[in-house]
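Contents: one structure, followed by commentary.
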Amino acid sequence: MNKNEQFVITLNRELGSGGHTVGRLLAEKLHVTYYDKAVINALTDRLGMTVEEVEAIKGKKRSWWDEFRCGAGVQVFNGGMPQLMADYYTIENDMPATDEMFRMESIVLKEIAKSESCIVAGRSGFAVFQNRPNTMHIFIQASMEKRIARVIKRQGLSQKEAIAAIEKVDAARENYLKKNVMTTRYDTRHYDLVLSMDHLTEEQAADIIFDFIEKQAE
């Protein structure tokens, strides 16, 4: 991937791996926008249209996406996450979408990629952009022990609640992918880089990915 040309980085991550923070830090290093599930949900909700209605508008107005972004008040600050969704990532906003939402998310993601370089976090990013040039796919994982500890710390849950949340999100993400793109996120052939966070801080992981990107551009 050449970071000096318009690019997309997809970031798949396990709940409790620290991948959300890694993605945000990487976006700041690359001076691009970080789009996570919460932001994409907010954009699709504000769009308030069916897939068919959006496709009809696309066929008539080349500038429809720019106009929508302005109307939705999407602003970026120093790279990182859009101003639209400043609240911290939660388990609830990572739960699976309907078939219609999946189709709408794909449209929104592709329009974002047309307009800017970006990092996209989510279950299906690697599938949506699997044939796009100048794209990198990354998977961030961690041991269950590390994941449980992080969810307890970040979400203020008990150990039992943290385990239940992780298992629920893991199952939901797998079912979502198998249903919509007929694959599993654990197939490493989908990715250019896979990182285990057991012995890394989020900052170290972001540095490793950044260095990997730099070497790709050489």
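If you read the sequence from its start, that first residue is 1, and numbering goes on from there.
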Find out whether Ile163 and Lys168 are in side-chain contact, i.e. whether some heavy atom of one side chain is under 4.5 Å from a heavy atom of the other. no
Met144 vs Ile166, test: side chain to side chain contact (heavy atoms under 4.5 Å, CB included). Steps then yes/no. CA-CA 9 Å; Met144 183 58 76; Ile166 289 171; 3.9 Å; yes
Of all heavy-atom pairs linking Gly23 and Leu11, the shortest is CA-CD2, 3.5 Å
Nearest heavy-atom pair of Glu14 and Tyr186: which atoms, and what distance? OE2-OH, 3.1 Å
Dump the intermediate steps for side chain to side chain contact (heavy atoms under 4.5 Å, CB included) on Glu145 and Asp198, then the final yes or no. CA-CA 9 Å; Glu145 179 184 359; Asp198 280 14; over 6 Å; no
In Å and rounded to the nearest 0.5 Å, what is the CZ to NE2 distance from Arg154 to His20? 8.5 Å
Flag the pair Arg150 / Lys153 as yes when at least one side-chain heavy-atom distance between them is below 4.5 Å, and no otherwise. no
Nearest-0.5 Å distance that lies between atom CG in Leu195 and atom CD in Gln141: 9.0 Å
Least distance between heavy atoms, Val151 atom then Ala162 atom: CG1-CB, 3.8 Å
Heavy-atom pair with the smallest gap, counting every atom of Ile213 and Leu26: CD1-CD1, 4.4 Å
Under a 4.5 Å side-chain heavy-atom rule over Ile, Leu, Val, Met, Phe, Trp and Tyr, are Leu25 and Phe210 clustered together? no
Taking Leu15's backbone N and O only, do any of them form a donor-acceptor pair with Ser17's side chain (distance below 3.5 Å, no angle check)? no
Please give me the minimum heavy-atom distance between Gln6 and Ser117, naming the atom from each residue. CA-OG, 3.2 Å
How many angstroms lie between NE2 in His190 and CD1 in Ile138, if you round to the nearest 0.5 Å? 15.5 Å
Within the 4.5 Å heavy-atom criterion, are Leu193 and Ile209 side-chain neighbours or not? yes
Taking the basic N atoms (NZ, or NE/NH1/NH2) and the acidic carboxylate oxygens, is any pair closer than 4.0 Å for Asp211 and Lys29? no
Between atom CD1 of Ile9 and atom SG of Cys118, what is the distance when rounded to the nearest 0.5 Å? 9.0 Å
Could you tell me whether the side chain of Ile119 reaches within less than 4.5 Å of the side chain of Val32, counting heavy atoms only? yes
Report yes if some heavy atom in the side chain of Gln159 is under 4.5 Å from a heavy atom in the side chain of Ile148; otherwise report no. yes
Taking the side chain as C-beta and beyond, is there a heavy-atom pair between Glu116 and Tyr35 under 4.5 Å? yes
In this structure, is the centre-to-centre distance between the rings of Phe129 and His137 below 6.0 Å? no
Walk me through whether Val120 and Ile112 qualify under side chain to side chain contact (heavy atoms under 4.5 Å, CB included). CA-CA 10 Å; Val120 174; Ile112 290 171; 5.5 Å; no
Derivation of the side chain to side chain contact (heavy atoms under 4.5 Å, CB included) call for Glu28 and Tyr34: CA-CA 8 Å; Glu28 292 173 358; Tyr34 179 61; over 6 Å; no
Asp36 vs Arg24, test: salt bridge (charged side-chain N to carboxylate O under 4.0 Å, His left out). Steps then yes/no. CA-CA 9 Å; Asp36 72 353; Arg24 178 178 55 77; over 6 Å; no
Closest approach of Ala165 and Leu157, non-hydrogen atoms and distance? CB-CD1, 4.3 Å
Does the pair Glu167/Arg147 count as a salt bridge with the N-to-O cut at 4.0 Å? no
Mind checking the NZ-CD1 spacing from Lys160 to Ile152? Nearest 0.5 Å is all I need. 13.5 Å
Between the side chain of Gln204 and the main-chain N/O of Thr201, is any donor-acceptor distance below 3.5 Å? yes
Side-chain donor or acceptor of Asn134 paired with backbone N/O of Met1 under 3.5 Å: no
CZ (Phe126) and CG (Asp187) are apart, to the nearest 0.5 Å, by 8.0 Å
If you count heavy atoms of other groups shown closer than 6.0 angstrom to CD of Glu203, is the number above 12? yes
With no hydrogens and no angle check, is any side-chain donor or acceptor of Tyr191 less than 3.5 Å from a backbone partner on Arg185? yes
Would you say that Ile140 contacts Asn12 through its side chain, given a criterion of any heavy-atom pair below 4.5 Å between the two side chains? no
